[in-house]
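Contents: one structure, followed by commentary.
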Amino acid sequence: MTRPEQTDSSLAGRRQALSDARSDRRSLRILIVNTLADNEADDIALERDGRARALRIGLLEAGYNIVAVFPADMHLPDRIAQLQPDMVIIDAESDARDVLEHVVMATHEAPRPIVLFTEDQDRSSMEAAMAAGVSAYIVAGLSSERVKPVLDVALARFNADQKLRNELSDTKLKLAERKTIERAKGLLMERHGIAEDEAYGRLRSLAMDKNLKLSELAQRILDAADLLG
């Protein structure tokens with residue numbers, strides 16, 4: 001099982017890599033997911049082939065690093081986990097919900113920008129994709145000149161969203177820690193018949209003696225109280 005500090009370190013490293021990539025696009029490792037089916041009509045396949053070519057040309061001209069191009073199959077989550085790209089681009093003709101679900105699952109523990117190029121103009125599909133974590137939903141045509149601006153916007157939006165998520169997570173954590181401390185303080189007040197200030201002082205002294213965060217000590221006191229009844 002992955003230790004929490006390892007996960008935090010990995011996420012911090014990815015955030016730093018994505019931040020650095022703003023100034024050096026060559027460091028941005030991109031994986032492309034192509035959803036072209038073998039049984040699609042020749043004219044559709046040719047159109048898709050032209051769009052895929054424009055996408056690759058745009059990426060290469062902008063200096064991005066294409067690490068792989070994979071089909072949308074059951075092995076996709078494992079491939080993403082193995083290669084650990086900084087960004088995932090999905091090239092889909094129409095409904096991409098299945099492949100998007102695989103990509104989101106594979107990037108849940110280590111979020112990264114997801115860009116979807118599609119011909120699906122259905123509003124519900126777009127809203128579902130954005131809610132699932134897509135940073136940019138691009139409809140109706142693709143030229144190589146558009147690739148760089150689109151990815152720049154997707155990266156900026158992803159970083160802004162991650163910053164908000166991290167701030168929200170930190171706020172929730174601090175609130176939970178405060179509640180834990182308040183519960184432990186109340187327990188000391190009740191069991192020892194002491195005032196609030198004295199209970200808090202005892203918690204601080206014990207935390208310092210044991211080299212623990214105040215919230216960690218408070219949680220240990222609550223756990224011990226639950227065991228002892």
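In this chain, numbering begins with 1 at the start of the sequence shown.
- Heavy atoms of other residues, nucleotides or ligands lying less than 6.0 angstrom from CE of Met208 number 12 at most.
- A heavy-atom distance below 4.5 Å is not found between the side chains of Ile90 and Phe117.
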List the atom pairs, with distances to 0.1 Å, where a side-chain N or O of residues 178-187 and a protein N or O form a donor-acceptor pair under 3.5 Å, not counting sequence neighbours.
| from | atom 1 | to | atom 2 | distance (Å) |
| --- | --- | --- | --- | --- |
| Thr180 | OG1 | Ala176 | O | 3.0 |
| Glu182 | OE1 | Lys185 | NZ | 3.3 |
| Glu182 | OE2 | Lys185 | NZ | 3.1 |
| Lys185 | NZ | Glu196 | OE2 | 2.8 |

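- Legend: salt bridge (Lys or Arg N to Asp or Glu O under 4.0 Å) pairs involving residues 206-218, not counting sequence neighbours, sorted by first then second residue: Glu177-Lys213.
- Taking hydrophobic clusters as Ile, Leu, Val, Met, Phe, Trp and Tyr residues chained together by side-chain heavy-atom distances below 4.5 Å, Val150 shares a cluster with Leu28.
- Separation of atoms CE (Met87) and CZ (Phe158) is listed at 9.0 Å; rounding is to 0.5 Å.
- Not one N or O on the side chain of Ser169 forms a donor-acceptor pair closer than 3.5 Å with the backbone of Arg165.
- Closest of all the heavy-atom pairs between Arg112 and Asp86 is CB-O, 3.3 Å.
- Met189 and Ala195 get closest at one heavy-atom pair: CG-O, 3.9 Å.
- Here the shortest heavy-atom pairing between Pro113 and Leu155 reads CG-CD1, 4.0 Å.
- Among the candidates Ile32, Leu31, Ile89, the single residue satisfying the side-chain contact (heavy atoms from CB on, under 4.5 Å) test with Ile66 is Ile32.
- Not counting sequence neighbours, Arg56 has no partner by the salt bridge (Lys or Arg N to Asp or Glu O under 4.0 Å) test.
- Take Gln82 and apply the side chain to side chain contact (heavy atoms under 4.5 Å, CB included) test, not counting sequence neighbours, and it matches no residue.
- A search for side chain to side chain contact (heavy atoms under 4.5 Å, CB included) contacts involving Ser144 returns Ile57, Glu61, not counting sequence neighbours.
- For the side chain to side chain contact (heavy atoms under 4.5 Å, CB included) test, residues two or more places apart in sequence or in another chain that qualify with Asp122 are Asp120, Ser124, Ser125.
- Partners of Glu145 according to the salt bridge (Lys or Arg N to Asp or Glu O under 4.0 Å) rule, which considers only residues two or more places apart in sequence or in another chain, do not exist here.
- Within the 4.5 Å cutoff, the side chain of Phe70 has no heavy atoms near those of the Ile80 side chain.
- Arg79 pairs by the side-chain hydrogen bond (donor to acceptor under 3.5 Å, both in side chains) definition with Asp73, not counting sequence neighbours.
- Partners of Thr171 according to the side-chain hydrogen bond (donor to acceptor under 3.5 Å, both in side chains) rule, which considers only residues two or more places apart in sequence or in another chain, do not exist here.
- Scanning for salt bridge (Lys or Arg N to Asp or Glu O under 4.0 Å) contacts around Arg157 gives Asp161, with sequence neighbours left out.
- Lys148 and Asp152 are joined by a salt bridge, as a carboxylate oxygen and a charged side-chain nitrogen come within less than 4.0 angstrom of each other.
- Scored by the side-chain hydrogen bond (donor to acceptor under 3.5 Å, both in side chains) test, Asp223 finds Gln219 as partners (sequence neighbours excluded).
- The closest side-chain heavy-atom distance from Ile30 to Val67 is not below 4.5 Å.
- Taking Glu190 as the reference, nothing meets the side chain to side chain contact (heavy atoms under 4.5 Å, CB included) condition, with sequence neighbours excluded.
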